[in-house]
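Everything on this sheet refers to the single structure shown next.
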Amino acid sequence: MKGQAVYIAVAALLAAAAASLSKPAFFLLVGYLLLLFFRRKHLLVPALAAATFFFAYVLIVDHHNKTTLSGGRHTFFIRFSAQPTIDGDRLQAPVKVGRERVQLRYMIRTPAEKEALQTHLVPGTVCRVAGTLERPMPSSNPYAFDYRRYLRLHRIHWLFFPEEIDLSACARDRPTMIEQLVSLREAGVRRIEDHLPPEAAGIAAALIYGERRQLDDSVLDGYQQLGLIHLLAISGGHVTLLVSAVFAIAIRLMTREAAVLTLMAALPVYAVLAGASPPVLRACMTGMIVLAVGWKKGTIHPLDALSWTALALFAFDPYMLWDVGFQLSFAVTFVLLVHFPALAARSMIGRLFETALAAQLAALPILLYHFYEISIWSVGLNVLFVPLYSFVILPLAFVVAALPFPPLVWLFSCLIELTNNVVRFFSVDHPLTIVLGRPEPWCLAVYVAAVVVALLLWERGQLFRGLAAVAMAMVLQLVSPYVDPKGEVTVLDVGQGDCLYIELPHRKAIYLIDTGGTPKIKGERWRERKRPFSVGRDVVVPFLKAQGVRTIDKLILTHDDADHIGAAPEVLKAVRVKEIITSPKALPAIQAMARPFSVPVAAASQGKRWEEDGMTFAVIHPEVGNQDDNNGSLVLFTRLGGLTWLFAGDIEKEAEQALIGIYPHLRADVLKVAHHGSKTSTTEMFLQAVKPRVAIISVGRSNRYGHPSPDVLARLKQQGAVIWRTDENGAIRYLYDRTSGTFQVMKP
């Protein structure tokens with residue numbers, strides 16, 4: 001029966017997920033097979049066979065995904081199988097070492113070296129290089145990108161840091177066919193960059209070759225935020241357009257059968273030229289299946305073509321299942337194929353709206369899991385952008401890439417400037433997003449059920465009831481933190497800085513103590529990176545959005561050092577802040593920073609207290625009029641989850657002495673160690689007075705200050721305190737209720 005292969009593909013998908021130690025997927029697989037037993041008995045045996053095969057296959061693949069290399073200094077012959085990525089003074093590339101691949105990272109020393117490396121390191125180049133192998137860092141913050149896992153899913157287990165890349169020790173070997181295609185792709189991208197203005201070149205390279213390096217960050221972020229990023233990913237529409245155009249030309253030069261065979265042979269080549277991402281592979285594989293069936297004068301149900309594509313890609317690389325592009329591509333395509341007959345609008349605009357809405361519903365659970373928010377503008381902008389890209393921008397991109405005549409380049413550039421301005425208008429100037437956070441597994445199941453119900457009701461002509469079901473799922477996620485009796489204290493790993501998140505039970509209030517910050521070191525222009533790491537953008541804001549935080553009740557900035565407040569503007573831009581509290585000395589600087597965001601700022605000093613839900617927060621330092629820097633930091637005392645907490649900012653010896661002089665009976669179960677464990681703080685006298693049982697040190701890995709001081713660590717150990725450090729343990733979380741709680745660390 002046509003369209004039945006999807007049942008086998010779903011079984012394979014769930015089995016692959018279950019084999020990756022996903023308990024929810026295992027229970028879903030069992031439930032799915034039981035459902036087939038009662039409703040589709042004739043499909044139970046093939047589905048069970050597919051599930052068994054892929055479950056075992058994934059276990060075998062994962063078992064053999066190991067390294068034979070060891071850390072430390074080595075001298076290797078490395079082979080560049082892809083074009084290295086050079087960003088500022090950093091060169092990165094996956095390279096082959098024997099039968100393994102490692103991720104090479106190299107710091108370029110001079111502009112001349114940068115130009116030479118860019119010219120000579122092409123696919124097929126082999127170099128003799130000495131360097132150090134190190135393990136990739138795992139995720140150190142909740143919800144953060146896990147680089148170690150990402151590399152492992154690409155069968156890479158090591159980072160390789162060369163001491164030098166000596167081009168005299170390099171030679172070009174005969175490139176493989178894949179390497180030749182990669183070189184051809186790079187040449188095509190550079191041709192576009194040479195003939196088109198930067199913004200237009202970025203869009204054209206993304207549409208033709210799947211290369212986004214030239215795209216402006218604000219534009220790329222805007223496309224993603226507005227749910228338009230699929231337009232910049234090569235997928236079914238691109239391949240259909242290309243295949244149709246080539247086929248129309250080919251049948252005028254050869255027989256239909258020869259044209260079909262030529263296209264079948266050309267699609268794998270185009271997949272490599274287009275970057276071989278999961279959406280590209282899906283589109284090209286589906287095209288090949290449809291062409292193969294058509295070559296035999298047969299027909300295939302679109303769902304069957306999609307299902308066999310999924311099975312083929314699972315077999316090619318089962319890790320592809322965890323790629324967000326793979327998930328979105330298959331989920332949206334599946335829903336559109338199944339739901340297409342229900343699209344009843346007669347006008348083109350109406351049909352576009354219904355298609356965009358169905359795609360948004362299909363993508364909703366995946367988008368929330370990976371990106372934590374949705375844009376209200378998404379459906380409307382897709383109605384505008386999809387036909388514009390499909391019928392104007394995409395064909396024109398191919399034309400200007402092949403024939404960069406000035407009038408065509410001008411027209412294409414004007415269109416890109418217009419669309420980019422629209423994207424910036426709705427994503428930067430007038431954003432309208434709903435931050436929901438990452439759904440828990442139960443909530444994710446509710447979303448999937450709500451989407452299924454919505455589509456079924458839509459098919460019965462009850463669209464608004466269906467949308468109401470999805471809205472109820474969203475409301476359920478929105479209110480869930482407010483019925484949760486658990487609170488949380490999280491010390492984020494922000495490198496050499498401080499950032500502490502406090503959430504009271506039932507989300508009665510949310511406080512953020514400091515924000516961390518990325519030092520801005522002005523260097524030579526050639527060293528500047530396109531998207532340098534930012535603590536606010538890359539750590540703090542994603543954490544807040546993943547938590548579903550839309551409002552911070554108090555942003556407490558202990559003082560105005562950059563490593564404590566540097567990321568505050570990014571937080572203020574992303575999240576509504578009701579009030580900022582800071583030290584007297586930092587007040588003018590913080591007021592100037594907060595003015596564009598219209599957030600009230602108040603200075604706090606010794607004696608200020610506030611109470612929320614029966615929990616008291618007291619500022620116990622500095623005294624009124626204190627204008628010191630570190631010794632003028634805010635020090636906060638409170639009781640949470642049955643423990644007393646002392647957040648000591650960056651105070652040093654003098655302030656510690658003043659504190660225990662004013663509060664001789666000051667005791668704290670948990671001490672946020674002052675000044676990142678500097679030897680000028682956390683004195684023996686202070687520790688003997690406070691007697692902490694737990695000491696938390698927020699400190700950067702391999703920092704240039706030598707924090708934490710060995711003397712401080714020795715004093716804390718002598719006191720008998722359990723020591724947790726963000727550089728070694730990652731984020732430190734305390735989940736608590738009214739009377740007790742549990743500590744968790746990201747890296748035990």
Side-chain angles (χ1 to χ4, degrees), residues 141-142 481 484-493 498-514 543 547 553-554 556 558 581 608-621 633-649 651 656 659-660 662-677 681-682 686-699 708 712-713 715-726 728-748:
N141 285 298
D484 187 353
K486 293 284 187 181
E488 174 181 344
V489 179
T490 297
V491 182
L492 289 173
D493 177 12
D498 273 13
C499 183
L500 299 96
Y501 172 85
I502 300 175
E503 179 178 335
L504 302 189
H506 302 287
R507 196 162 278 189
K508 291 291 186 180
I510 290 175
Y511 307 132
L512 194 67
I513 303 178
D514 292 329
F543 172 82
Q547 291 278 96
D553 294 277
K554 294 184 190 297
I556 303 164
T558 59
I581 297 175
K608 178 176 176 60
R609 303 163 66 92
W610 71 87
E611 186 173 322
E612 187 65 55
D613 196 30
M615 300 179 189
T616 301
F617 295 81
V619 176
I620 62 174
H621 185 79
S633 299
L634 290 184
V635 178
L636 196 67
F637 181 85
T638 189
R639 177 181 289 273
L640 298 168
L643 300 178
T644 52
W645 296 70
L646 184 63
F647 303 102
I651 62 170
E656 291 178 350
L659 267 178
I660 58 179
I662 298 171
Y663 304 98
H665 301 293
L666 180 65
R667 300 286 185 274
D669 298 306
V670 184
L671 171 67
K672 199 292 295 181
V673 173
H675 204 192
H676 323 292
S681 307
T682 321
F686 181 71
L687 290 176
Q688 287 177 352
V690 175
K691 294 180 169 55
R693 291 189 288 152
V694 175
I696 297 175
I697 307 175
S698 185
V699 62
V712 169
L713 295 176
R715 289 196 288 268
L716 288 168
K717 289 176 182 177
Q718 187 176 9
Q719 184 63 38
V722 176
I723 303 171
W724 281 316
R725 305 163 43 170
T726 57
E728 294 183 351
N729 302 112
I732 298 113
R733 307 183 84 177
Y734 181 69
L735 304 178
Y736 67 92
D737 54 24
R738 291 287 178 181
T739 58
S740 63
T742 305
F743 280 99
Q744 300 174 354
V745 293
M746 287 295 294
K747 297 184 287 185

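Nothing here was measured: the structure is a model prediction, and the numbers come from that model.
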With Pro142 via side chain to side chain contact (heavy atoms under 4.5 Å, CB included) - residues at least two apart
Leu492, Phe543, Ala731, Arg733, Met746

For residues 636-649, run the donor-acceptor check on the side chains, cut-off 3.5 Å, and write out each pair with its distance to 0.1 Å, sequence neighbours left out.
| residue | atom | partner | partner atom | Å |
| --- | --- | --- | --- | --- |
| Thr638 | OG1 | Thr616 | O | 2.8 |
| Thr644 | OG1 | Asp669 | N | 2.9 |
| Thr644 | OG1 | Asp669 | OD2 | 3.1 |
| Trp645 | NE1 | Leu640 | O | 3.2 |
| Trp645 | NE1 | Leu643 | O | 3.4 |

Heavy-atom side-chain contact between Ile697 and Leu713 under 4.5 Å:
yes

Is any side-chain heavy atom of Lys486 less than 4.5 Å from a side-chain heavy atom of Pro505?
no

Non-hydrogen atoms of Ile723 and Asn729 that approach each other most closely
O-OD1, 4.4 Å

Any chance you could lay out the side-chain contact (heavy atoms from CB on, under 4.5 Å) test for Gln547 and Thr490, step after step, and finish with the verdict?
CA-CA 11 Å; Gln547 291 278 96; Thr490 297; 5.8 Å; no

Nearest non-hydrogen partners of Tyr734 and Ser740, listed with the distance:
OH-C, 3.7 Å

Any Leu512 side-chain heavy atom under 4.5 Å of Cys499 side chain
yes

Partners of Leu735 by side chain to side chain contact (heavy atoms under 4.5 Å, CB included), sequence neighbours excluded?
Glu488, Gln744

Might you point out which heavy atoms bring Glu612 and Ala509 nearest each other, and give the distance in Å?
CG-CB, 3.8 Å

The reported gap from CG in Asp553 to CD1 in Ile502 (rounded to nearest 0.5 angstrom) is 11.5 Å

Quick check: are there more than 12 heavy atoms from other residues, nucleotides or ligands sitting under 6.0 Å from NZ of Lys717?
no

Could you tell me whether the side chain of Leu716 reaches within less than 4.5 Å of the side chain of Val673, counting heavy atoms only?
yes

What residues, two or more places apart in sequence or in another chain, satisfy side-chain hydrogen bond (donor to acceptor under 3.5 Å, both in side chains) together with Arg609?
none

Might you work through the side-chain contact (heavy atoms from CB on, under 4.5 Å) test for Phe743 and Ile696, ending with a clear yes or no?
CA-CA 11 Å; Phe743 280 99; Ile696 297 175; 4.3 Å; yes

Mark yes when over 12 heavy atoms from residues, nucleotides or ligands other than Lys747 sit less than 6.0 Å from its NZ; otherwise mark no.
yes

List the atom of Ile581, the atom of Lys608, and the distance in Å for their closest heavy-atom pair.
CD1-CE, 3.9 Å

Interatomic spacing from CG in Asn141 to CG in Asp493 - rounded to 0.5 Å
5.0 Å

Whether the side chain of Asp514 engages the backbone of Thr558 through a donor-acceptor N/O pair (distance < 3.5 Å, no angle test) should be reported.
yes

Please walk me through it: do Ile620 and Leu666 pass side-chain contact (heavy atoms from CB on, under 4.5 Å)?
CA-CA 10 Å; Ile620 62 174; Leu666 180 65; 4.2 Å; yes

With a 4.5 Å heavy-atom cut-off, do Asp498 and Ser698 have their side chains touching?
yes

Work out which heavy atom in Tyr736 is nearest to a heavy atom in Glu503; give both atom names and the distance.
OH-O, 3.0 Å

Is there a side-chain contact between Lys672 and Ile513 in this structure, where contact means two heavy atoms from C-beta onward sitting under 4.5 Å apart?
no

Taking all non-hydrogen atoms of both residues, which atom of Glu656 and which atom of Ser681 are closest, and how far apart?
OE2-C, 3.6 Å

From Leu671 CG over to Gln719 CD, what is the distance, rounded to the nearest 0.5 angstrom?
10.0 Å

Contacts of Tyr511 that satisfy side-chain hydrogen bond (donor to acceptor under 3.5 Å, both in side chains) - sequence neighbours left out:
Trp610

Could you tell me whether Arg738 and Asp613 have a side-chain N and a carboxylate O separated by less than 4.0 Å?
yes

Which residues share a side-chain hydrogen bond (donor to acceptor under 3.5 Å, both in side chains) with Glu728, sequence neighbours left out
Arg725

